[in-house]
> 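Supplied in structure tokens, the structure appears directly below.
Just so it is clear, the model here is predicted, and its values are computed rather than measured. In the text below, chain A, chain B and the rest are named by the order of the sequence lines, each starting its count at 1.
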Protein chains: 2
Amino acid sequence: MEPSKEEVKARTDRFAQALRDSGTRLTHQRVVIFQEVAKTGEHPDADTVFRRVRKRMPSISLDTVYRTLWMLNDMGLISTLGPQRGRVRFDGNASPHHHFVCTDCGFVGDFYYEEFDGLEVPAEVDRMGDVATTHVQFRGLCSRCWPRDGKGRMSQGNEGRKPHE
Amino acid sequence: MEPSKEEVKARTDRFAQALRDSGTRLTHQRVVIFQEVAKTGEHPDADTVFRRVRKRMPSISLDTVYRTLWMLNDMGLISTLGPQRGRVRFDGNASPHHHFVCTDCGFVGDFYYEEFDGLEVPAEVDRMGDVATTHVQFRGLCSRCWPRDGKGRMSQGNEGRKPHE
DNA sequence: AGTATTGTTAGGTATTATTCTTATATAGGA
DNA sequence: TCCTATATAAGAATAATACCTAACAATACT
């Protein structure tokens, strides 16, 4: 579902303010890129954003789109779907369980919690489709990354440092 | 946390049975690949699995690892972290909200549900790190993919068909 | 206003993750 | 043991994302 006009306006204002506050330049390309993500409920990928932005700004480069999207993500103005970027990660536990995800190093811990088994499915979700499974995901800094910074965006593929257990 | 010896055994048996039941050949490489994923609580990526399997089976190819992991995923014997597959997708909604994810076409719908705001953080999770946000993710088939099959694994980058709203 | 300074971009190239192609090997049944 | 449909290895191909550099643009300094 698309966000309302007012909502988009609110998001845009928040964005502009955040850039100003952090002393980051409010360039035309950044505004356009942000708007394309903020005005849709579609969760587009980088290439989709690129193609849409290009209609309004034919000279935009794909790299600028990537750079800007990650910057916005780091600033907390947008987010990404799923725990991280880059490679797919596999989970050998086939029974229902949930995850704690460290937003800094990418560590993922499994847990099972009975209370979450029967989580109610809101009517709104029922209308979207047929729910088969429920996952709860807690995000934050894991005990190893805490109290260290956590600048946002997980370090490149988590180099050198294997996700600690 | 690593699964117990018994748990690994149980997973392996389930795996062998599932392959036999579906008439899929139980090759040495499949066994080794499955074990590497089943015996760790680490959620490794394909390349990590590849490197580990190679120690026991130096001639294994990366492609076999990928092929096998996706096959296991399709059979429900393992799963992937996040909405998965390929490109990162961005979410322009910065306020707390949750998702419904279609496991067939990749559609992602946002929703907000007050009840989920105060979800209790189990003690086990508290020990993993400092929780900042909570996301509930319902997975299943969306109304457009339902009642059609849903063979599992989302279709290749969702070609042609844009995630419907 | 004119110029130095520093942040930002386009475009091209590099890198990394994942998949495809094809010749060869092998599991599992006859 | 032999046969044949599946699987596999290896390498090439493709897709997604990041890096590099020269050109630009915005602010700061004079």
> Between D:dT21 atom P and A:Arg67 atom CZ, what is the distance in whole Å?
15 Å
> Give the nucleotide from the list D:dA9, C:dG11, D:dT17 with an atom nearest to the side chain of A:Ala46.
D:dT17
> Can you check the A:Arg89 CZ to C:dT18 P distance for me, whole Å?
12 Å
> Can you tell me the distance, in whole Å, between the CD1 atom of A:Ile33 and the P atom of C:dT8?
13 Å
> Please determine if a side-chain N or O atom of B:Thr64 lies less than 4.0 Å away from the OP1 or OP2 oxygen of D:dT8.
no
> Rounded to whole angstroms, how far apart are CE on B:Met57 and P on C:dA25?
15 Å
> Students often mix this up, so state it plainly: with edges at 30° and 60°, are the rings of B:Phe116 and B:Phe138 parallel, tilted or perpendicular?
tilted
> Do side-chain atoms of A:Ser22 reach the backbone of A:Leu19 as a donor and acceptor pair under 3.5 angstrom?
yes
> Could you check whether A:Asp47 gets within reach of a base, just the sugar-phosphate, or nothing at all, counting any heavy atom under 4.0 Å?
nothing
> B:Phe50 has an atom CZ; how far is it from atom C1' of D:dT8, in whole Å?
13 Å
> Check whether any side-chain N or O of A:Trp70 sits under 4.0 Å from OP1 or OP2 of D:dT17, and answer yes or no.
no
> Starting at CG of A:Asp45 and ending at P of C:dT18, how long is that distance when rounded to a whole Å?
16 Å
> Heavy atoms under 4.0 Å, any strand shown: does A:Leu62 hit a base, just sugar-phosphate, or nothing?
base
> Is any side-chain nitrogen or oxygen of A:Arg30 closer than 4.0 Å to OP1 or OP2 of C:dT8?
yes
> Which sits closer to the 5' end of DNA chain D, B:Ile60 or A:Arg25, going by the nucleotide each is nearest to?
B:Ile60
> Measuring to OP1 and OP2 of C:dT9, would you say a side-chain N or O of A:Thr27 lies under 4.0 angstrom away?
yes
> Among the nucleotides C:dT18, C:dT21, C:dG11, which one has an atom lying closest to any side-chain atom of A:Val88?
C:dT18
> What are the two closest non-hydrogen atoms of A:Phe107 and A:Cys142, and how far apart are they?
CD2-CB, 3.9 Å
> For C:dT18, does either OP1 or OP2 sit under 4.0 Å from a side-chain N or O belonging to B:Tyr66?
yes
> Does B:Gln29 place a side-chain N or O at less than 4.0 Å from the phosphate oxygens OP1/OP2 of C:dT26?
no
> Can you classify the ring geometry of A:His135 versus A:His98 as parallel (below 30°), tilted (30 to 60°) or perpendicular (above 60°)?
perpendicular
> Between atom CG in B:Asp21 and atom P in C:dG28, what is the gap in whole Å?
13 Å
> Are A:Trp70 and A:Val37 grouped together when hydrophobic residues (ILVMFWY) are joined by side-chain heavy atoms under 4.5 angstrom apart?
yes
